[in-house]
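Proteins come first, then strands; the chains are lettered A, B, ... in the order of their sequence lines, and each starts at number 1.
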4 protein chains.
Amino acid sequence: MELNVTIEKGSAVPIYAQLSEQIRLLIRRGALSPGESMPTVRSLAVELGINVNTVARVYRDLQRESLLRLERGVGTFVAEGGESRAVEEGDFRSIAAKASELIDLGQGAGLRIGELTQLVETLWKENVNADR
Amino acid sequence: MELNVTIEKGSAVPIYAQLSEQIRLLIRRGALSPGESMPTVRSLAVELGINVNTVARVYRDLQRESLLRLERGVGTFVAEGGESRAVEEGDFRSIAAKASELIDLGQGAGLRIGELTQLVETLWKENVNADR
Amino acid sequence: MELNVTIEKGSAVPIYAQLSEQIRLLIRRGALSPGESMPTVRSLAVELGINVNTVARVYRDLQRESLLRLERGVGTFVAEGGESRAVEEGDFRSIAAKASELIDLGQGAGLRIGELTQLVETLWKENVNADR
Amino acid sequence: MELNVTIEKGSAVPIYAQLSEQIRLLIRRGALSPGESMPTVRSLAVELGINVNTVARVYRDLQRESLLRLERGVGTFVAEGGESRAVEEGDFRSIAAKASELIDLGQGAGLRIGELTQLVETLWKENVNADR
DNA sequence: GTGGTCTAGACCACG
DNA sequence: GTGGTCTAGACCACT
């Protein structure tokens, strides 16, 4: 039940945001399936070397988005509802493949990861604005 | 001399980090050329609706990375040195094109921007680790 | 012997408090009469989808308040004593009618249930303080 | 800038829920107007005798509901947006009047506050279900 | 032993 | 001095 999640402690992005976003992605890509049980707040905190409350906050936040379901005294589970539905596996594979190509190009040109994600974010916003 | 930069005030990412990363990208993509003058700290702060100190801090940080050059009483300029060299224009175009394709796929599959950049980050790290 | 009780699992109010308060009200409004038998701990737990221990705790608490009477090996009954005396039926009807009017007004104005009960609580407290 | 808020520390309802609900009501009833500044997290914590983090959590929760607007380094304000719009003053007055009548009846019949709010909640739910 | 709440106190980002 | 994050640790509600 180890979660494939990595936390950068020095990052400007708060720990809870890093964790939250990564769990969300694991659910969307189908690596975590509806009904599946999540690690306990305590075990995940130990595994990641962060505080229990920080994990609890993330679980609570994701519950409010209907991605997780918390049961007191029982555990935490991936929600069955609509929000937690995964992207189609085929769709996800082509997205991941495209992302890998982008990463290869970026690394080839000597970009850093932050520059690459910043580029994606900037283009995303232009795209959204252009749609208006 | 308006900088094509957008700040999200409510974001978990601190304003200074958003600004710093975006200026860095503008330089790397060649939208800001070596020797070109940057907006004054004050005007950029007003334009973006953020605090003067925040802009000043970013300029200072970028100077330390040799991306900007601060001349007291004159202004701030994009540095001529190595760090501020832009990616080849052709390279950048193919990277941007690839990123656009990725964004289209992601939007088509209903991903949010955070999920997409998270995916890029995750794959980047796997890539780096695989190289070791 | 189904009890007209509803539990909200996700609520900030603990399950035992929700259940306790609702049983108390059923007794006060005369829906449960002195001497009447209560559902078994187990059956009520199943009916409500909550833990047996939680129901048992509520029954124990209500016994301490002399609202219920637990007879080992026999069952649980609404107590005959003073605490469990119901409000006069006519009184209760006018209270319920007034409450319904309040609810209609509240819903008409777009209030949520929590806001309405909060208002009742606030005014209640002001009333009590004013009496002093 | 004292907020007319009361916290019951021993209550089964968590402190953050009590505070959150009361602030929400103050906004809905127009006692707090859009744009108005809220007490600082620290001052409110001191005033209520609770922890700073608890207040901060409430402010954060209410920000997510678009009822408050938090500005780092500046302060907290009632949001201008739609969610924070107050109920019409006349409407609110009739609701409060009706609630007072209900309270008088309830107190006359010897009900406790918890029983009264429980009744309101029960009838509310029946009303909602009946609408379906 | 699970998640939930609360406290106390430190340090950071921002103005 | 403002809000934000994080930690460490206590106690509670529930299974």
Worksheet item: Could you state the OH-P distance from Tyr16(D) to dA13(F), rounded to the nearest angstrom?
Response: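 After rounding, the reported distance stands at 14 Å.
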
Presence of salt bridge, [Y] and [X], under 4.0 angstrom:
X: Asp61(D); Y: Arg24(D); answer: no
X: Glu71(A); Y: Lys9(C); answer: no
X: Arg64(A); Y: Glu65(D); answer: no

Response to the item:
Taken in chain and number order and not counting sequence neighbours, the residues that satisfy side-chain hydrogen bond (donor to acceptor under 3.5 Å, both in side chains) with Arg60(D) are none

Worksheet item: Nearest nucleotide by nearest heavy atom, which residue falls closer to the 5' end of DNA chain F, Gly73(A) or Pro14(A)?
Response: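 The answer here is Pro14(A).
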
Discussion item. Here's a test of your reading of the structure: between Arg42(A) and Val13(A), which maps to the more 5' nucleotide of DNA chain F?
Written reply: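 Per heavy-atom nearest nucleotide, the more 5' residue is Val13(A).
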
Worksheet entry | Contacts of type salt bridge (charged side-chain N to carboxylate O under 4.0 Å, His left out), residue Arg42(A), not counting sequence neighbours |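 Testing Arg42(A) for salt bridge (charged side-chain N to carboxylate O under 4.0 Å, His left out), a comparison that skips the adjacent residues, returns none.
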
Practice prompt. Return the set of residues passing salt bridge (charged side-chain N to carboxylate O under 4.0 Å, His left out) with Glu8(A) (not counting sequence neighbours), or none when no residue passes.
Written response: Lys125(B)

Verify, without hydrogens or angle tests, whether [X] (side chain) and [Y] (backbone) share a donor-acceptor contact under 3.5 angstrom.
X: Thr40(A); Y: Ser43(A); result: yes
X: Gln18(D); Y: Val13(D); result: yes
X: Gln22(D); Y: Thr6(D); result: yes

Discussion item. Are the side chains of Trp124(D) and Thr117(C) in contact, using a 4.5 Å heavy-atom criterion?
Written reply: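 No - every pair of side-chain heavy atoms lies 4.5 Å or more apart.
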
Worksheet item: Got Asn4(A) and Thr122(B) here, is their nearest side-chain heavy-atom distance under 4.5 Å?
Response: no

Worksheet item: Could you give the start and end, 5' to 3', of the contact zone on DNA chain E for chain A, using atoms under 4.0 Å from its heavy atoms?
Response: dG1(E) to dC6(E)

Discussion item. Both Val74(A) and Arg60(A) contact DNA chain E. Taking the nearest nucleotide for each, which residue is further toward the 5' end?
Written reply: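 The residue closer to the strand's 5' end, by nearest nucleotide, is Val74(A).
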
Worksheet item: So what stems show up for DNA chain E if we need 3 or more Watson-Crick or G-U pairs in a row, all under 3.5 Å?
Response: E:1-14 with F:1-14

Discussion item. Classify Tyr59(A) by what it touches in the nucleic acid, base, sugar-phosphate, or nothing, heavy-atom distance under 4.0 Å.
Written reply: nothing

Discussion item. What residues from residues 49-57 of chain C pass a heavy-atom cutoff of under 4.0 Å to DNA chain F?
Written reply: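 Under 4.0 Å from DNA chain F: Asn51(C), Asn53(C), Thr54(C).
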
